[in-house]
Amino acid sequence: MTIKEIFQTLRAGMVTRTVLAGIVIGFVGLCLLGRRASRTPAMERFVRFTQYTSNESKYYVTVNEMMSIVRAKIKPGQILVVVGGNSILRGVAQLPDQLWTQKLQDRLGDGYCVVNFAFNASLITDAASVAAEALAKEFPRQIYIANAAPTQAPTPGGSLVYRWVYWDAYYKGLLIDDPARAKKIAANMAFRIPQPDGSFFYPFKGNIQELKLASWLDSWCYFNDFWNDVAYSDFNTIWNPLMPGLVDFMQARSNWRDPDPDGSLFPLTVRFPTETRDGELVNIRGNSDRAFNKDPNGVWQAYLPLWDDVFQRGIEDIFPPQLKARTLILLSGTATYYNKWLTDEERERDRITYEEAVRRWKLGGFDALEYGRDFAVEDHFDRTHLTKTGAAKLADVVAPKVKEMAQKLGYLK
Amino acid sequence: MSQTPEKIVRSRLARHAFSLVVGLAVGVFLHYLLYRLGLPVQPFIYVAF
């Protein structure tokens with residue numbers, strides 16, 4: 001029997017209307033199951049996102065997954081503290097029980113529920129901020145914490161790498177209507193840089209049309225929630241370099257352990273290698289070298305095109321106005337290990353740059369503080385990330401600030 | 001040779017059951033296809049930086 005004959009026999013054995021009914025039942029059934037999965041927390045023992053539950057291994061967390069985690073974790077009456085930001089706040093080089101957000105939870109006590117939604121390389125406006133905004137109506141007593149470099153203004157709607165969460169929430173109707181932010185996102189998409197060959201480069205646009213179409217379809221079909229749930233709880237279907245092997249990659253993602261090491265066990269020569277020192281010093285100087293210049297009288301002057309035009313205007317419409325006051329921006333300091341290679345002038349410039357950044361964030365309606373300047377060498381795992389001792393110190397700095405904000409915002413009445 | 005009514009009913013049921021299973025499989029596949037096609041293509045930092 002040829003293949004053609006096999007197909008003909010199979011075809012003859014089928015009833016067209018029943019096949020079509022099966023397609024509809026199968027498809028709609030999974031859409032409904034996806035909708036159910038979106039309300040059910042798969043990550044019951046959630047501590048933080050790992051490489052196996054992030055886009056690093058092609059797992060694209062949905063806003064509903066994050067909302068479900070919060071609903072499962074928070075107790076009645078607690079103030080919600082959502083932590084976003086990058087790998088520093090995600091707690092790279094800290095074991096789950098050493099995590100700074102666990103220590104923050106300990107210091108804040110039962111009145112608060114701290115949830116760590118930070119991702120590696122994510123900005124203030126990325127995933128965690130979207131989840132917090134989507135939960136703003138349900139949990140209005142909330143504080144959002146994220147970190148940034150001193151002169152870094154994030155893009156509204158999220159970075160190119162993480163903005164899928166924003167569009168996911170947008171098409172599911174979970175975001176606060178904010179015309180100013182929408183206008184700025186549209187302006188970013190249209191922003192273009194002429195190229196020598198006459199074409200244009202759109203730095204913020206990327207694959208936005210495909211992303212919007214996929215997010216719109218998902219708002220009806222819930223395929224992301226359903227297949228993420230399958231990948232996390234049952235079997236993974238997407239091969240990726242972090243989960244290699246012909247069969248091993250199919251294991252449920254919940255089977256993969258949090259891979260971050262205890263950074264404090266690494267000797268200082270490994271944490272701060274001589275070979276990378278010059279590069280790291282370039283990064284440290286880069287935090288401030290365009291922010292302040294000395295005038296002929298030797299007085300530091302802020303470089304206003306950067307502070308006014310880029311920074312202050314940049315942070316203006318990143319969030320709806322009502323969410324600014326409940327946002328705490330942490331300005332992450334660099335490892336004190338490198339201080340001895342900086343001149344007095346460079347250290348001074350660094351200090352006033354951080355102070356100016358705190359002032360500017362506050363001017364923009366946010367709350368802000370810097371940390372790390374008084375940390376010991378062993379508190380850092382590398383130039384930016386913290387070890388368990390640094391994690392404890394960060395929690396010591398942030399906890400009173402969170403309590404102060406909660407008081408100021410009227411959460412404690 | 002004519003089939004008995006019982007056999008005809010059984011054959012119809014088998015055809016419908018087979019058709020339904022094939023349809024369900026296609027429906028599940030289409031749902032999964034949307035998921036895979038909808039995955040963002042923006043590379044993570046290892047590639048982006």
Side-chain angles (χ1 to χ4, degrees), chain A residues 10 12-31 33-34 51 54-60 86-87 119-122 159-165 167 206-207 210-211 213-218 220-228 230-231 237-238 240-241, chain B:
Chain A
L10 285 174
M14 285 190 246
V15 183
T16 308
R17 271 184 300 183
T18 313
V19 172
L20 290 173
I23 292 173
V24 172
I25 293 168
F27 189 85
V28 174
L30 289 200
C31 294
L33 287 175
Q51 288 167 298
S54 76
N55 52 345
E56 289 176 68
S57 60
K58 299 181 185 173
Y59 185 91
Y60 293 86
N86 62 26
S87 53
F119 283 95
N120 292 347
S122 87
S159 62
L160 277 175
V161 180
Y162 286 99
R163 63 183 177 181
W164 86 83
V165 187
W167 293 104
N207 59 328
E210 292 93 329
L211 183 59
L213 177 63
S215 303
W216 177 76
L217 283 170
D218 187 56
W220 291 96
C221 304
Y222 284 76
F223 43 82
N224 284 328
D225 280 303
F226 179 80
W227 292 104
N228 271 8
V230 170
T237 62
I238 304 176
N240 64 83
Chain B
M1 204 169 78
S2 63
Q3 288 184 315
T4 61
E6 194 185 326
K7 271 189 175 173
I8 292 170
V9 170
R10 224 183 273 169
S11 158
R12 272 188 193 164
L13 276 175
R15 282 183 67 200
H16 279 290
F18 177 61
S19 303
L20 189 68
V21 169
V22 170
L24 286 172
V26 173
V28 170
F29 175 74
L30 287 175
H31 197 261
Y32 182 69
L33 194 67
L34 275 182
Y35 165 67
R36 290 302 296 258
L37 290 175
L39 288 177
V41 293
Q42 193 64 36
F44 186 63
I45 50 172
Y46 307 136
V47 184
F49 286 166

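In what follows, every chain begins at residue 1, and chains take the letters A, B, ... in the order their sequences are listed. What you see below is based on every heavy atom in this structure, not just the backbone, and it leaves out hydrogens, waters and symmetry mates. If you're wondering where the values come from, they're calculated on a predicted model, not measured in any experiment.
At a 4.5 Å heavy-atom cutoff, the contact between L30(A) and chain B is made by backbone and side-chain atoms alike. For chain A, no part of R12(B) is nearby; none of its heavy atoms comes within less than 4.5 Å. For F226(A), the part lying under 4.5 angstrom from a heavy atom of chain B is the side chain only. Residue contact with chain B, scored on non-hydrogen atoms closer than 4.5 Å, involves the backbone and the side chain of I25(A) alike. The parts of I238(A) that come within reach of chain B are both its backbone and its side chain, each placing non-hydrogen atoms under 4.5 angstrom from that chain.
Taking each heavy atom of Y35(B) and N224(A) in turn, the nearest pair found is CD1-OD1, 3.4 Å.
Y32(B) and T237(A) form a side-chain donor-acceptor contact under 3.5 Å, judged by distance and modelled atom types alone.
In this structure the side chain of L30(B) reaches within 4.5 angstrom of the side chain of I23(A), judged on heavy atoms.
Ring geometry for H31(B) against W227(A) counts as tilted: the plane angle lies between 30° and 60°, on a 0 to 90° scale.
By the side-chain hydrogen bond (donor to acceptor under 3.5 Å, both in side chains) test, S11(B) is found to be paired with no residue, residues two or more places apart in sequence or in another chain being considered.
F223(A) CZ to L37(B) CG: the interatomic distance, rounded to the nearest 0.5 Å, is 8.5 Å.
Interface with chain A: from residues 13-23 of chain B, residues R15(B), H16(B), F18(B), S19(B), L20(B), V22(B), G23(B) qualify, criterion being any non-hydrogen pair under 4.5 Å.
Within a 6.0 Å radius of CZ in R17(A), no more than 12 heavy atoms belonging to other residues, nucleotides or ligands are found.
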